[in-house]
Number of protein chains: 2
Amino acid sequence: MQELDECDKKILSQLQKNNRITAEELGQMINLSTSAVQRRLKKLREEKVIEADISVISPHAVGISITCIVDVTLHVGSSKVVDTFKSLISDCHEVTQCYYVTGAYDFVIIVNTKDMKHYENFSKKYLMDNPDVKQFYTHVVMDKVKAGLGVNI
Amino acid sequence: MQELDECDKKILSQLQKNNRITAEELGQMINLSTSAVQRRLKKLREEKVIEADISVISPHAVGISITCIVDVTLHVGSSKVVDTFKSLISDCHEVTQCYYVTGAYDFVIIVNTKDMKHYENFSKKYLMDNPDVKQFYTHVVMDKVKAGLGVNI
DNA sequence: TTTGAAATAAGCATTCG
DNA sequence: CGAATGCTTATTTCAAA
């Protein structure tokens with residue numbers, strides 16, 4: 001993919017807030033014909049500049065009321081330990097985000113559960129009873145000040 | 001909003017993976033007429049069970065190559081300090097996520113920047129030179145193992 | 001009142017100048 | 001690149017359960 005021009009950036013900036021906007025509306029905003037916008041949209045999706053188009057579901061509405069951020073340190077003897085943990089967490093539905101990071105601990109994971117009881121179950125199964133986990137520290141989220149995926153375009 | 005039934009949940013589960021799917025396709029999946037699906041979609045959007053419909057943009061494609069997770073501790077003298085920090089961060093484009101949490105520190109923020117130089121500028125402006133910030137610790141993300149917003153439906 | 005199907009409108013993909 | 005076309009999808013309406 002070649003460089004994105006200003007129009008592409010404006011389109012992307014809009015889409016990451018609302019992807020149900022029509023090509024016509026987009027065109028009016030950035031002074032481009034509907035066709036031109038459609039061509040760009042097609043290309044941006046084909047080239048995976050737009051990685052996905054999704055709906056954001058209210059966690060509360062589906063019974064999710066607890067979000068925890070957990071700092072995890074592993075007994076890192078080999079890279080296999082890290083890979084095993086990655087794949088374990090990838091398959092865990094309660095975990096919506098997982099980052100392998102530098103610094104005082106190895107992973108930061110964000111866990112969504114129905115209530116504290118369910119979080120307890122999760123932490124037992126995936127953290128306490130996991131011999132590769134050296135230690136972990138749980139932060140309960142009191143306020144999601146900001147919680148998007150958008151990037152600064 | 002009353003209880004979501006199984007059909008609603010299946011619809012939501014699909015939409016949070018792909019919201020460009022047609023009502024007809026959704027209907028075939030869950031054995032419902034196109035009209036029925038449309039009615040549910042309309043309601044789910046009206047009642048904000050579907051909070052938003054967005055495109056996910058490739059950070060790499062728009063020149064974002066560094067993601068950092070920062071643990072922030074404030075000099076908490078009053079709730080005003082907390083609120084001020086929340087609003088400061090809300091207006092900061094580099095920060096895509098911000099959580100106010102319990103535990104060893106007060107906030108976890110996720111920061112996206114072009115490169116380390118830009119991260120340094122960010123941290124100077126918003127953290128080092130901010131008298132309300134007692135201390136902060138930066139983790140550089142080496143691998144985004146999982147990075148969605150989806151919830152376990 | 002709720003459902004599915006038909007009619008209408010709107011948006012998208014494609015072709016052409 | 002932009003206008004015009006046909007095609008797909010969404011919205012609205014209506015009749016029946």
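Lettering follows sequence order; numbering is per chain, from 1.
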Checklist entry - Is the shortest heavy-atom distance from the side chain of A:Y126 to the side chain of A:V111 under 4.5 Å? => result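 A:Y126 does not reach A:V111 side chain to side chain.
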Checklist entry - Should A:S58 and B:E47 count as side-chain neighbours, where that means a heavy-atom distance under 4.5 Å? => result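 Side chain of A:S58 against side chain of B:E47, heavy atoms only: no contact under 4.5 Å found.
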Item to check | A:E24 vs A:K42, nearer the 5' end of DNA chain C by closest nucleotide | outcome: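 First, find each residue's nearest nucleotide; the 5'-ward one identifies A:E24.
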Checklist entry - What nucleic acid atoms does A:T22 come within less than 4.0 Å of, heavy atoms only: base, sugar-phosphate, or nothing? => result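 Sugar-phosphate contact only.
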Next on the checklist: With hydrogens left out and only the distance checked, is there a donor-acceptor pair under 3.5 Å joining A:R39's side chain and the base of D:dG2?
Outcome noted: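 Yes, a donor-acceptor pair under 3.5 Å.
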Using whole Å, what does the distance between atom [atom2] of nucleotide [N] and atom [atom1] of [X] come to?
X	N	atom1	atom2	value
B:N31	C:dT3	CG	P	15 Å
B:R40	D:dA10	CZ	C1'	18 Å
A:L32	D:dC1	CG	C1'	9 Å
A:L41	D:dC1	CG	P	13 Å
B:K43	C:dT1	NZ	P	13 Å
B:I21	D:dT8	CD1	P	18 Å
B:D5	C:dT2	CG	C1'	14 Å

Checklist entry - Out of curiosity, does B:V108 fall in the hydrophobic cluster containing B:V81 (side-chain heavy atoms, cut-off under 4.5 Å, transitive links)? => result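 No; tracing contacts between hydrophobic side chains, which count when under 4.5 Å, never links both residues.
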Next on the checklist: From C-beta outward on A:Q38, which listed nucleotide comes closest to its side chain: D:dG2, D:dC1, C:dA13?
Outcome noted: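 The nucleotide sitting nearest to the side chain is C:dA13.
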Checklist entry - Between C:dC12, D:dC1, D:dT11, which one does the side chain of A:R20 approach most closely? => result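 Taking heavy atoms from C-beta onward, the closest nucleotide is D:dT11.
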Next on the checklist: With a 4.0 Å cutoff (strictly under), does any side-chain N or O of A:S33 reach OP1 or OP2 of D:dG2?
Outcome noted: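 Result: yes.
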Checklist entry - Between atom CD1 of A:I110 and atom CD of A:Q97, what is the distance when rounded to the nearest 0.5 Å? => result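 Spacing of CD1 (A:I110) from CD (A:Q97) equals 4.0 Å.
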